[in-house]
Structures are given as structure tokens and as C-alpha cells.
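The model shown is predicted, which means the values in this text are computed figures rather than measured ones. Excluded from the calculations below are hydrogen atoms, water molecules and symmetry mates; all remaining heavy atoms, backbone and side chain alike, are included.
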Amino acid sequence: MSQLSRRSFLKAAAAGLFSGALSNAQQAALPNIIFILADDLGYGDLGCYGSKIPTPNLDAMASEGARFTQFYSADPVCSPSRASLLTGRYPTRVGVTCALGANADYGLPDSETTIAQMLRLQGYSTMCIGKWHLGSLPQYLPTNRGFDEFYGLPYSNDMDPLPLMRNTDVIAQRADQNHLTQQYTQQAVQFISRSKQGPFFLYFAHTAPHIPLAASERFRGKTGLGMYGDSVAELDWSVGEVLRALKDNGIDDNTLVMFSSDNGPWFQGSAGSLRGRKGMTYEGGVREPFIARFPGRIPAGRVASGVASMMDVLPTLSELCRAPLPENPVDGVNIWPLLTGDQESVERDVLLYFDDWNIQCARMGKWKLHVARYNSPAFAPVPAVGRQNLPLNPPELYDIEADPEESYDCAADYPQVVAAIRSRIENSLYSFPDAVRSAWSNTMRAKTNGIPAGAYPVSSQP
């Protein structure tokens, strides 16, 4: 694949000339893939992760498959996280480093290959349902990024105007948010039914529970935990309907279903005992629930403690679906051995945590090193010019396995670990765009004026 240009590969595959092209029988044997993504759901918002919100379908999905305890996004906000999921690459490599506005004139570039494009070359039918948020201009919409069909919102539900779209057509000028989960679920069930001959890839990106919170009449006021709890309960119902559709269509045993969230909770929701929230590179902002179910392939009741990332989904599906990796090098690794229990960890380089173009933390084994932090919390009423990414001198080191709450800085006790991680960060810079290297240089030169970066009180967090 490395000797073949992406354009040549696409032409050869379309003509059936590429040696990896699969026969109809081979395609029929490939697994169906469903990835369900919540929006701003916290690590502690599901019953199987300790929540009081009733989530029986997701809890059952976890008991029938694998539940991860250390699964991460590469960025604590929505658009970059989604870009990483679909490309297997850091958001700074693909140029999507912040939440895109409704009027953004850019999006996920055509130079990137998405999971949908990778799988479509293997004969997969593909559909995107729900929130896109990777570019709202026609050239950036899902139908130009590998999806045969799209039904949903072009961006976040707190943006205006908020059209509901089918493919590239607006079918409602203003989406009815109270019924979006119901509408999305109906579309998902219909897609599964008409695609049951397979293989298919469904990317189901819910709007819930991002604010403004909403729920249909069937769920509103039912949990006793406010609109947030009601919204999550309806999200759980939707997962149950998807799983039921697989059984009704006789394809449950040949379908991998995954569930996660794009980042930590925002104003409402729970990060469990973890420190931080959406917009922060503390664990509460980047550690996500992740559940995967594949009867007969993933052992029931597995709890995986190995480190995994949103970027790992693409290379894992590449292996599972026998699809050649994209031409652009991926940053994720194949985590299928974690899913099956064949391994408790997978080998990887340091896992970097970005906020915009800025590297703020790096994870190596059980260690997480914080090297920089903003001087005010994300989404706080601080003028943009007043919010700076500042160096931590000295950096903070946390043993995440012993101290997932990041409460006890032990950098002074392990200077060799600090030096090793810092060296790996600096060595990695050479493979990133100029903007990353420039941001790093600017951060390291910044002066804190005696005020520790990020020294705001926890109570000021959203």
C-alpha cells in the first residue's frame, strides 16, 4: 500500500483490479460495524460506570461484551475528537483542532481518509446518523467523506440555525430537539433492516446529552435526575433499539457494536471521581466510557484496563475487516487483543493530549505528565486574549493507575520518568505540522508572572 498512491489505489479498487478486492462471498463474511457516539457524556454517567441514571441497555451491552476503564479522546472537545475517531490520527495532523462554528469555512480535509472511505472499498454500505460537526459546507458533509447516506445535524445542537438534513438536503429548517433521538433511532433501525445482507458501517453520533438538553415526552421527568438524566435514559433506550434491530434481522452474531463519548461532561453530567471536565486535559475531560459487544468474538463481562484511544478504532477495524490502512500514517494502534482478552495492554508510543494546537500532557504506561495548562478554565467568561497556554515549571507527574483523580503530583520523586516522557514529547514534535511546533515553542517561552498555570479553583469549572 505504501508503494501505491491513494488515487491509484482508489481507481484500482473501483475497477476490481486491486489484489485485495474481495469477492461477494468474502464481503458477506465481513462483520457489520456500528459505532455509537454520545455527545458530552461523562465517564461516570452510565450505570455500569457507577451512575444512578438508569441505563439498562448499555449495562447489558457491557455485561455481554467488554467495558474499558482507560479509553481516551485525543482532545477534550467535540470536532477534534470526532476527526481523530474517523481518521485514526491526532486532530492536529488533520487540521481540526477546535469546535467548528456554524459558519466555519473549513472542515475535515479531503486529503484524509475516514473509516467510511476505508470500509467502502471493501464493499461496505455506510451511513452517518446524528451530529457531524466536521464541516458544514457541501464539500465537507458526510456524503463527501465516505458515507452513502447522512441524516442529522451538520454541527452542534447549540448553534443557529439548526437544520435537519438528509444527505445534502435540508428537510427541516429547525430541528425538533425533543424528538431527535427518536428520529435518529428510527433511521438507524431502517438502515440496519435494508442493509442486513451486509456488510455495513453505521456511525451513529447522538446529539444527547449536549446542551440544550432535550428528551421526548416518553422520557421527560421519568428518571428523577432532571433533564440530563432523562436525556441519557433516552439515549440508552436508543441503544436498546439498535441491538434489538440486529436480533430481529438475524445479524446480531456478525455485528460489532461500540459505544463511547466524544469528551467529558460539560455543565452537567458526571466524570465520576475524575478531576476536570470538557475542555480540560485532566482525566475527567478526556477519559471516556467505551463498551464493545460482538457475540462469540468478544468475551462477555470483560473489563479491560489497558490504555486505548479513539484513534485506535480505525486501525482495529482495518485489521478486523481486512481493509488496507489509509495512505496517511495513523497514530492509533490495533486494540483487538484488548477487546478479546488476548492481551492486557498493547504497545504504543506516548499518548499525547492536545488542546487546540497545544500539547498539554503525555501518557506513558501508568504515568501522565502535565507540561502546560491554560490560565483559566475552558468556556469561562474570559476574553480570548486573556486565556493563555502556560508552561508548568516544574511539570506535574501522576501515577494514573494509583491516582486516577490526579491528586498527588509525584514529579519530584521520579525525575527520570519526567525526563523520559519530556524527551519523547520533544522527539515527537518533528512529525507534526509547523503549527504544533510553533505552539510548543511559544508555550515554553511564555512567562507565568509567578502565577501557576491553571491555578483556578475547582469551583470555577463549568
**Student:** Is the number of heavy atoms from other residues, nucleotides or ligands within 6.0 Å of CZ (F432) greater than 12?
**Tutor:** yes
**Student:** If only atom types and distance count, is the side chain of N57 paired as donor or acceptor with the main-chain N or O of V239 below 3.5 Å?
**Tutor:** no
**Student:** Any side-chain donor paired with an acceptor under 3.5 Å for E401 and Q70?
**Tutor:**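 No - no donor-acceptor pair under 3.5 Å links their side chains.
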**Student:** Using atom types as modelled and distance alone, determine if a side-chain donor or acceptor of S261 lies under 3.5 Å from a backbone N or O of E288.
**Tutor:** no
**Student:** Can you tell if the side chain of Q268 reaches within under 4.5 Å of the side chain of L213, non-hydrogen atoms only?
**Tutor:** yes
**Student:** Do D262 and S81 have side-chain atoms, one donor and one acceptor, less than 3.5 Å apart?
**Tutor:** no
**Student:** Is there side-chain contact between D39 and R82, with at least one heavy-atom pair below 4.5 Å?
**Tutor:** yes
**Student:** Does Y408, at its OH atom, have more than 12 non-hydrogen atoms belonging to other residues, nucleotides or ligands within less than 6.0 Å?
**Tutor:**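 For Y408, atom OH is not crowded (no more than 12 foreign heavy atoms under 6.0 Å).
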**Student:** Quick test of your reading of the model: are E283 and R275 salt-bridged, counting only N-O distances below 4.0 Å?
**Tutor:**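 No, this pair does not count.
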**Student:** Kindly confirm or rule out a cation-pi arrangement of R387 over Y374, judged by NZ or CZ under 6.0 Å from the six-membered ring centre and within 45° of its axis?
**Tutor:** yes
**Student:** Taking all heavy atoms of V307 and all of G365, pick out the closest pair and write down the distance.
**Tutor:** CG2-O, 4.4 Å
**Student:** Let me see the working for V257 and M61 under side chain to side chain contact (heavy atoms under 4.5 Å, CB included), right down to the final yes or no.
**Tutor:** CA-CA 9 Å; V257 183; M61 183 175 160; 3.7 Å; yes
**Student:** Do Y398 and E396 have a side chain donor and acceptor closer than 3.5 Å?
**Tutor:**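 Indeed, the side chains of Y398 and E396 share at least one donor-acceptor pair under 3.5 Å.
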**Student:** Taking it one step at a time, do Q122 and R322 satisfy side chain to side chain contact (heavy atoms under 4.5 Å, CB included)?
**Tutor:** CA-CA 8 Å; Q122 296 296 84; R322 291 179 282 169; 4.1 Å; yes
**Student:** Between atom CG of L397 and atom CD of E406, what is the distance when rounded to the nearest 0.5 Å?
**Tutor:**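 Separation between the atoms: 10.5 Å.
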**Student:** Do R297 and F294 form a cation-pi contact, if we require the NZ or CZ to be under 6.0 Å from the six-membered ring centre and within 45 degrees of the ring's axis?
**Tutor:**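 Positive - R297 is close enough to the ring of F294 and near enough to its axis.
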**Student:** Under the criterion ring-ring contact (aromatic ring centres under 6.0 Å, His included), which of Y43, F259, F71 is the partner of F290?
**Tutor:**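 Testing each of Y43, F259, F71 against F290, the sole residue satisfying ring-ring contact (aromatic ring centres under 6.0 Å, His included) is F71.
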**Student:** Kindly determine whether N178 and S216 satisfy side-chain hydrogen bond (donor to acceptor under 3.5 Å, both in side chains), including the steps that lead there.
**Tutor:** CA-CA 5 Å; N178 289 328; S216 68; over 6 Å; no
**Student:** Closest approach of A446 and L390, non-hydrogen atoms and distance?
**Tutor:**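 So the two residues come closest at CB-CD2, 3.7 Å.
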**Student:** State whether a side-chain donor-acceptor pair under 3.5 Å links S238 with T185.
**Tutor:** yes
**Student:** How long is the straight-line distance from CG of L134 back to CG of L86, given to the nearest 0.5 Å?
**Tutor:** 6.0 Å
**Student:** Do the side chains of R220 and D230 get close enough for a salt bridge, i.e. N-O under 4.0 angstrom?
**Tutor:**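 Result for this pair is no, no salt bridge flagged.
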**Student:** Would you say R424 and N427 are linked by a side-chain donor-acceptor pair, where the criterion is simply a distance under 3.5 Å?
**Tutor:** no
**Student:** Strictly by modelled atom types, are N157 and H210 linked by a side-chain donor-acceptor pair under 3.5 Å?
**Tutor:**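 N157 vs H210: donor-acceptor pair found between side chains.
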**Student:** Check whether any side-chain heavy atom of W132 sits under 4.5 Å from a side-chain heavy atom of S156, and report yes or no.
**Tutor:** no
**Student:** Quiz question: by atom type and distance under 3.5 Å, do the side chains of Q139 and D110 form a donor-acceptor pair?
**Tutor:**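 There is no such pair between these side chains.
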**Student:** Give the minimum heavy-atom separation between S270 and G272, together with the two atoms involved.
**Tutor:** OG-N, 2.9 Å
**Student:** Do the side-chain N and O atoms of T55 and D59 include a donor-acceptor pair separated by under 3.5 angstrom?
**Tutor:**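 Short answer, yes.
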**Student:** Which pair of non-hydrogen atoms, one from P109 and one from R145, has the smallest distance, and what is that distance?
**Tutor:** O-NH2, 2.6 Å
**Student:** Is any side-chain N of the basic residue among E149 and R120 closer than 4.0 Å to the acidic one's carboxylate O?
**Tutor:** no
**Student:** When rounded to the nearest 0.5 angstrom, what distance separates OG1 in T126 from CD in Q117?
**Tutor:** 9.0 Å
**Student:** Less than 4.0 Å between a side-chain N and a carboxylate O, is that true for R348 and D331?
**Tutor:**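 Salt bridge: no.
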**Student:** Please confirm whether the backbone N or O of V436 pairs with a side-chain atom of T92, one donor and one acceptor, at under 3.5 Å?
**Tutor:**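 Absent.
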**Student:** Hey, what do you get for CG (L314) to CG (L85), rounding to the nearest 0.5 Å?
**Tutor:**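 The CG atom of L314 sits 8.5 Å away from the CG atom of L85.
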**Student:** Using the six-membered ring wherever Trp is involved, compare the ring planes of Y203 and F35 and label them parallel, tilted or perpendicular (cut-offs 30° and 60°).
**Tutor:** tilted
**Student:** Would you call K368 and D399 a salt bridge, using N to O less than 4.0 angstrom?
**Tutor:** no
**Student:** Quick test of your reading of the model: are D40 and R277 salt-bridged, counting only N-O distances below 4.0 Å?
**Tutor:** no
**Student:** When you compare the side chain of P154 with that of M165, does any pair of heavy atoms fall below 4.5 Å?
**Tutor:** yes
**Student:** Looking at CG of L256 and SG of C321, how far apart are the two atoms once the value is rounded to the nearest 0.5 Å?
**Tutor:** 8.0 Å
**Student:** Side chains of L392 and Q360, heavy atoms from C-beta outward: is any pair under 4.5 Å?
**Tutor:** no
**Student:** Tell me if a side-chain donor or acceptor on E426 pairs with a main-chain N or O of S423 at a distance below 3.5 Å.
**Tutor:**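 Side chain of E426 to backbone of S423, a donor-acceptor pair under 3.5 Å: no, none is there.
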**Student:** Would you please test F201 and M127 for side chain to side chain contact (heavy atoms under 4.5 Å, CB included) and show each step?
**Tutor:** CA-CA 7 Å; F201 169 51; M127 185 171 188; over 6 Å; no
**Student:** Looking only at heavy atoms, which two atoms of P80 and P91 are closest? And how far apart?
**Tutor:** CB-CB, 3.6 Å
**Student:** Checking side-chain polar atoms at under 3.5 Å, does Y228 have a donor or acceptor matched by the opposite partner on D45?
**Tutor:**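 Y228 vs D45: donor-acceptor pair found between side chains.
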**Student:** Can you check whether D434's main-chain N or O pairs, donor with acceptor, with S438's side chain at less than 3.5 Å?
**Tutor:**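 No, S438 side chain to D434 backbone: no donor-acceptor pair under 3.5 Å.
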**Student:** What do the steps show when you test I33 against L202 for side chain to side chain contact (heavy atoms under 4.5 Å, CB included), and what is the final call?
**Tutor:** CA-CA 6 Å; I33 307 296; L202 171 60; over 6 Å; no
**Student:** Quick check for you: to the nearest 0.5 Å, what is the distance between Q183 atom CD and T207 atom OG1?
**Tutor:** 10.0 Å
**Student:** Decide if atom CG of N103 counts as having more than 12 heavy atoms of other residues, nucleotides or ligands within a radius under 6.0 Å.
**Tutor:** no
**Student:** Work out which heavy atom in W357 is nearest to a heavy atom in A439; give both atom names and the distance.
**Tutor:**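 The answer is O-CB, 3.8 Å.
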**Student:** Are M118 and Y124 packed together at the side-chain level, in the sense that at least one heavy-atom pair is separated by less than 4.5 angstrom?
**Tutor:**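 Not in contact.
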**Student:** Starting from the C-alpha separation in whole Å, work towards a yes-or-no answer on side-chain hydrogen bond (donor to acceptor under 3.5 Å, both in side chains) for S431 and R93.
**Tutor:** CA-CA 9 Å; S431 71; R93 295 202 198 279; 3.3 Å; yes
**Student:** Can you confirm whether W440 sits close enough to N389 that some side-chain heavy atom of one is under 4.5 Å from a side-chain heavy atom of the other?
**Tutor:** no
**Student:** Between Q182 and E234, is the side-chain hydrogen bond (donor to acceptor under 3.5 Å, both in side chains) condition met? List the steps.
**Tutor:** CA-CA 8 Å; Q182 301 278 332; E234 188 161 25; 2.5 Å; yes
**Student:** Could you tell me whether R363 sits above the aromatic face of Y353, with NZ or CZ closer than 6.0 angstrom to the six-membered ring centre and within 45 degrees of the axis?
**Tutor:** no
**Student:** Going by atom types alone, do S73 and D75 pair a side-chain donor with an acceptor below 3.5 Å?
**Tutor:**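 Side chains of S73 and D75: no pair found under 3.5 Å.
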